[in-house]
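In what follows, a single structure is set out as structure tokens and then discussed.
Indexing begins at 1, ligand by ligand and atom by atom, following the structure's order.
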Amino acid sequence: MASVSRFIKDPKTAAIVGCPFSGGQPKPGVDRGPIHLVEAGLVDQLKGLGWDVKFDGHHQFEEISAQYANDPPIGLLKNPRLVSSVTESVAQAVSSHSAKGELPVTLGGDHSLAMGTISGTLTTYPDAGVIWVDAHADINTIETTDSGNIHGMPLAFLLGLTACDAVPEAANAPASLQAMHPFSWIPSPPLLSPSRLVYIGLRDVDAGEKAILKKHGIKAFSMHEVDRYGIGKVVELAMEWLNKDYQGAHEHRPIHLSFDVDAMDPTVAPSTGTPVRGGLTFREGHYICEAVYETGSLVAFDLMEVNPSLADAAAVQQTVNVGCSLVRAALGETLL
Ligand SMILES: NC(=[NH2+])NCCC[C@H](N)C(=O)O
Ligand SMILES: [Mn+2]
Ligand SMILES: [Mn+2]
């Protein structure tokens, strides 16, 4: 069978990177997300789409967790060393798969994991673009975060941002906060640049984050734009934006699609830690995945924030099923 993506080698292989990790946010249960997704039959479903699927168990973070059992906050940041160490190991796993021409499919776990997945992708594909589908911008810096939950911050670390210049109040943040941050494994200068990031689905963006998006000219299609243009046009505009300055040999940049299940409306995917009303419909979420697959440029997919302990059994099942079907859509399932 011909390769689905011009970047993925034949025989097309999806590598499931199961990440039972919840340290980037406070609600227990999100670490069980990947276990439920796999138990629902995801591996066979992807095989049914013609993929060779590599899955030899979920990643074990026990050793790292034991090492950082005592992980005092840095400023407001919670579990900073643990999250740093886990995401560093995820980066290695993802880049080792993508370097072999496989498609890493990372199952979270909380969205702090994307520091690892996107770093891994950019190690193999330095000019990759990122499509971040989420209710939230996840771009708080150590100066702007209110919650201290690192799942609200991965893009700030990936972009090497400090908010001091975007948010006037943050200029007073102690310099020591900057110097102490433990994410020093993330390369500097950063592998990701603001022009290669585009959001879809935003509707709960903190004031400090809005200032950052503005300051760095980051392209974002909130639910307002989804309503105005329709999802078809939004994905087209997102692609155009990512490829506007692309000079590579291929038609499109390689694309990393990072999908937070809370981008979906809570009526569609209720079992997640930070649900926000007014989200993507079932079809809008799937359309994004289908359209990205159709570009032939997908090089990595993340499905994050499925938390099977936040709803009744039926709502959990519904969320897990939607999660599986989003993954299938991104890996080529079609309606006809
Ligand atoms: N990946 C997520 N669900 N992020 C939610 C982030 C919420 C809020 N903006 C924060 O910084 O804490
Ligand atoms: Mn979110
Ligand atoms: Mn998120």
Side-chain angles (χ1 to χ4, degrees), residues 19 21-31 33-34 73-80 83 86-87 90 106-118 130-159 161 163 166-167 170 192 197-213 218 220-223 226 256-266 268-280 284-285 288 301-311 319 322-323 326:
C19 293
F21 181 65
S22 66
Q25 55 81 65
K27 295 185 184 170
V30 73
D31 48 306
I74 298 177
L76 284 177
L77 258 63
K78 296 172 188 151
N79 310 321
V83 178
V86 162
T87 52
V90 171
T106 304
L107 307 175
D110 76 66
H111 219 166
S112 68
L113 289 161
M115 272 188 277
T117 62
I118 291 174
V130 172
I131 302 181
W132 190 279
V133 183
D134 205 320
H136 310 92
D138 293 352
I139 198 166
N140 273 304
T141 67
I142 48 188
E143 301 101 331
T144 65
T145 179
D146 280 332
S147 67
N149 299 330
I150 299 177
H151 78 155
M153 313 174 67
L155 284 163
F157 286 115
L158 286 164
L159 292 163
L161 297 186
V167 183
L192 185 61
L197 165 64
V198 54
Y199 289 103
I200 303 177
L202 301 186
R203 56 195 182 276
D204 183 11
V205 180
D206 301 336
E209 294 181 302
K210 287 182 182 173
I212 292 168
L213 298 187
I218 296 172
F221 298 95
S222 72
M223 288 309 299
V226 172
H256 182 118
L257 179 56
S258 196
F259 203 118
D260 184 327
V261 83
D262 73 28
M264 304 300 277
D265 192 79
V268 178
S271 208
T272 188
T274 50
V276 188
R277 66 183 177 176
L280 297 169
E284 286 167 342
I288 295 169
F301 182 72
D302 308 332
L303 182 75
M304 301 295 185
E305 300 281 352
V306 172
N307 185 335
S309 63
L310 296 176
T319 310
V322 166
L326 288 169

With heavy atoms and a 4.0 Å threshold, my read on which part of His136 contacts ligand 1 is side chain
dist Ile200:CD1 -> Phe259:CZ (nearest 0.5 Å) comes out at 9.0 Å
Exercise for the section: State whether a side-chain donor-acceptor pair under 3.5 Å links Thr117 with Asp302. Expected result: yes
Exactly one of Gln25, Met304, His151 clears side chain to side chain contact (heavy atoms under 4.5 Å, CB included) with Val30, and that residue is Gln25
- prompt: So, is His111 placed with an N/O/S atom under 2.8 Å from the Mn ion (ligand 3), counting both backbone and side chain?
  reply: yes
Closest to the Mn ion (ligand 3), among the N/O/S atoms of Asp138, is atom OD2
| task | Would you check whether Asp138 has a nitrogen or oxygen atom less than 3.5 angstrom from a nitrogen or oxygen atom of ligand 1? | result | yes
Ser147 heavy atoms within 4.0 Å reach ligand 1 at atoms 10 (C), 11 (O), 12 (O)
among protein heavy atoms, the one nearest atom 11 (O) of ligand 1 is Asn140 ND2, 3.0 Å
**Request:** Examine distances only and state if a side-chain atom of Asp265 and a backbone atom of Gly278 form a donor-acceptor pair shorter than 3.5 Å.
**Result:** yes
Per residue Asp134, nearest N, O or S atom to the Mn ion (ligand 2) is named OD1
Say whether Asp134, considering both its backbone and side-chain N or O atoms, lies within less than 3.5 Å of an N or O atom on ligand 1. no
Donor-acceptor pair between Asn149 and Lys78 side chains, under 3.5 angstrom: yes
Between Pro28 and Ser309, the two heavy atoms sitting closest are O-OG, 3.1 Å
task: Please say whether Glu305 places an N or O atom under 3.5 Å from an N or O atom belonging to ligand 1.
output: yes
min-distance N/O/S atom, Asp260 vs the Mn ion (ligand 2), resolves to OD2
Between the CG atom in Leu303 and the OG1 atom in Thr106, the distance rounded to the nearest 0.5 Å is 10.0 Å
Looking at His136, the N, O or S atom sitting nearest the Mn ion (ligand 2) is ND1
For Asp262 and His136, which I'm curious about, is there any donor-acceptor pair between the side chains at under 3.5 Å? yes
- Task: Would you please classify the geometry between the His111 ring and the Trp132 ring as parallel, tilted or perpendicular, with 30° and 60° separating the classes?
- Result: parallel
Requested in this report: Could you tell me whether any N, O or S atom belonging to Asp110 is less than 2.8 Å from the Mn ion (ligand 3)?
Outcome: no
Under 4.0 Å from one or more heavy atoms of Asp262, ligand 1 contributes atoms 3 (N)
Could you tell me whether any N, O or S atom belonging to Glu305 is less than 2.8 Å from the Mn ion (ligand 3)? no
Between Cys19 and Leu113, the two heavy atoms sitting closest are CB-CD1, 3.6 Å
Correct closest heavy-atom pair for Pro34 and Gly108 would be CD-O, 3.1 Å
If we number the atoms of ligand 1 from 1 as shown, the ones under 4.0 Å from a heavy atom of Gly152 are 6 (C), 11 (O)
for atom 3 (N) of ligand 1, nearest protein heavy atom and its distance come out as Thr274 OG1, 2.9 Å
Atom 8 (C) of ligand 1: closest protein heavy atom, distance to 0.1 Å, is Asp206 OD2, 3.7 Å
Atoms of ligand 1 under 4.0 Å from any heavy atom of Asp260, numbered from 1 in the order shown, are 1 (N), 2 (C), 3 (N)
